[in-house]
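Heads up: the structure comes next, in structure tokens.
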Amino acid sequence: MTTHAPQAAQAVTLPASLDEAVAALAAMPAAVPVAGGTDLMAAVNSGQLRPAALVGLGRISEIRGWQYQDGHALLGAGLTHARMGRPDFAALIPALAAAARAAGPPQIRNAGTLGGNIASAAPTGDALPVLAALEATLIIAGQGGARREIPVSHLLAGMEMLRGGELIGYVRVPLLHAPQVFLKATGRTGPGRAIASVALVLDPARRGVRCAVGAIAPMPLRPLDAEAWVAQLIDWDNNRTIVPEALTAFGEYVAAACIPDPVPDGDGSVQQLPPAVLHLRRTVAALARRALGRALS
């Protein structure tokens, strides 16, 4: 698992159920849960983390699949990126499947899990903007079989945190039965960490557009004003048509909302954004424009 085996965890527990895993964490407050380990073991190998004990989640079959529940998909936190990237899952939640396929090379996709992506909350996590745009809800498992629900955005923003002995058990995602798109830009060709990403979903029942921008901030950003503005321009009754100029304007609106101009100085002068930041804003604008165009096509 690591090139620093002598300094690795001293105890490893392998529970067979979610409640057993919660009980193990409660009994060992210093223990760290691990599923795919793609982020955890990188931290161990770099010397940033030395867990006293590990609670392995790989044997918990109940969180490795999904089921339908009242117009939602209940996704187990142990779903791997590789599993979410398959065609049957893509037919269910296309944007999340696209994010899973873009998560990295095969060894990462085979090991990394949906719950791990959320719990690590890395800004470049590909699933995070999709879950934010879908307004997903987390089902948190606690001691004694307790379950509570929190919006995924609350956890990512630090508004609500996991308590001692709690685990992310499931993710509830609404099934919109409408186009969804995930796009990302990387610093190199092929799979890699995003420098910017955009998830966009249509909600025809509410005549709404939901968009989230990832990788450019500690958590996904929702340009709510841009969403409301462009939703009014879509002809929902006529094949969801929109004038081409609105696509470009939407991209610029999203980019400016997520990467705003500097606040004017006391004398009224405004500093220019650095070239690298301007390039990033143009990248976000292009991703948002393309995502909306693909969703409406």
Side-chain angles (χ1 to χ4, degrees), residues 66 68-75 84-102 126-137 151-153 171-185 194 196-217 220-260 280-297:
W66 72 82
Y68 300 100
Q69 185 183 76
D70 300 327
H72 292 69
L74 192 63
L75 312 179
M84 291 187 291
R86 294 182 186 176
D88 58 340
F89 190 92
L92 189 72
I93 312 173
L96 193 54
R101 289 192 292 265
D126 291 319
L128 304 186
V130 178
L131 296 175
L134 289 169
E135 297 181 346
T137 301
V152 67
S153 58
V171 183
R172 180 181 286 120
V173 177
L175 297 176
L176 300 178
H177 303 294
Q180 305 173 10
V181 178
F182 171 79
L183 298 174
K184 81 181 209 180
S197 61
V198 168
L200 187 139
V201 301
L202 301 183
D203 189 349
R206 299 180 181 179
R207 300 196 170 201
V209 175
R210 299 210 292 270
C211 177
V213 179
I216 67 171
L221 304 178
R222 286 280 303 276
L224 299 178
D225 290 342
E227 293 176 1
W229 173 79
V230 80
Q232 296 177 348
L233 301 179
I234 297 173
D235 187 349
W236 295 96
D237 297 318
N238 186 25
N239 296 322
R240 298 193 287 261
T241 56
I242 192 172
V243 296
E245 294 80 6
L247 294 177
T248 300
F250 174 71
E252 298 293 341
Y253 201 161
V254 170
C258 296
I259 308 176
L280 183 61
R281 187 153 81 171
R282 287 192 293 268
T283 300
V284 171
L287 291 175
R289 181 186 72 247
R290 293 170 187 168
L292 181 60
R294 291 187 186 184
L296 294 175
S297 62

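These figures come from a predicted structure and were not determined experimentally.
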Are any of the side-chain heavy atoms of Leu247 and Ile242 separated by less than 4.5 Å?
yes
Check: Leu175 and Tyr68 side chains under 4.5 Å, non-hydrogen atoms:
yes
Spatial distance of atom OG (Ser297) from atom CG (Leu292) [nearest 0.5 Å]
9.5 Å
Rounded to the nearest 0.5 Å, how far does CG of Asp203 lie from NE2 of His177?
11.0 Å
For the student: nearest non-hydrogen atoms of Ala291 and Leu183, plus distance:
N-CD1, 3.6 Å
Heavy-atom closest contact (Val152 atom, Leu131 atom, distance):
CG1-O, 3.7 Å
Looking at Ser197 and Phe182, what are the two nearest heavy atoms and their distance?
CB-CE1, 3.8 Å
Any side-chain heavy atom of Ile259 within less than 4.5 Å of one from Arg282?
no
Looking only at heavy atoms, the pair that brings Ala249 and Trp229 closest together is CB-CH2, 3.5 Å
CG-CD distance between Leu200 and Glu227, expressed to the nearest 0.5 angstrom
8.0 Å
Run Leu128 and Val130 through side-chain contact (heavy atoms from CB on, under 4.5 Å) and show every step you take.
CA-CA 5 Å; Leu128 304 186; Val130 178; over 6 Å; no
Are any non-hydrogen side-chain atoms of Arg289 and Glu252 less than 4.5 angstrom apart?
no
Quick check: do Val198 and Cys211 have side-chain heavy atoms less than 4.5 Å from each other?
yes
Presence of salt bridge, Arg101 and Asp126, under 4.0 angstrom:
no
If every non-hydrogen atom of Ala73 is compared with every non-hydrogen atom of Ile93, which pair is closest and at what distance?
CB-CD1, 4.2 Å
Side-chain touch Lys184/Pro129, heavy atoms, less than 4.5 angstrom:
no
Looking at every heavy atom in both Pro260 and Arg281, which two are closest together, and how far apart are they?
C-NH1, 3.8 Å
Find the distance between CG (Leu202) and CH2 (Trp236) and round it off to the nearest 0.5 Å.
5.0 Å
Do any N or O atoms from the side chain of Arg210 and from the backbone of Ala133 form a donor-acceptor pair under 3.5 angstrom?
yes
Taking side chain as C-beta onward, heavy atoms only, is Pro174 less than 4.5 Å from Glu135?
no
Please lay out, stage by stage, how His72 and Thr137 fare under the test side-chain contact (heavy atoms from CB on, under 4.5 Å).
CA-CA 10 Å; His72 292 69; Thr137 301; over 6 Å; no
Rounded to the nearest 0.5 Å, what's the gap from CG on Leu233 to OG1 on Thr241? Could you check?
11.0 Å
Leu92 CG to Leu75 CG distance, which is reported to the nearest 0.5 Å
7.0 Å
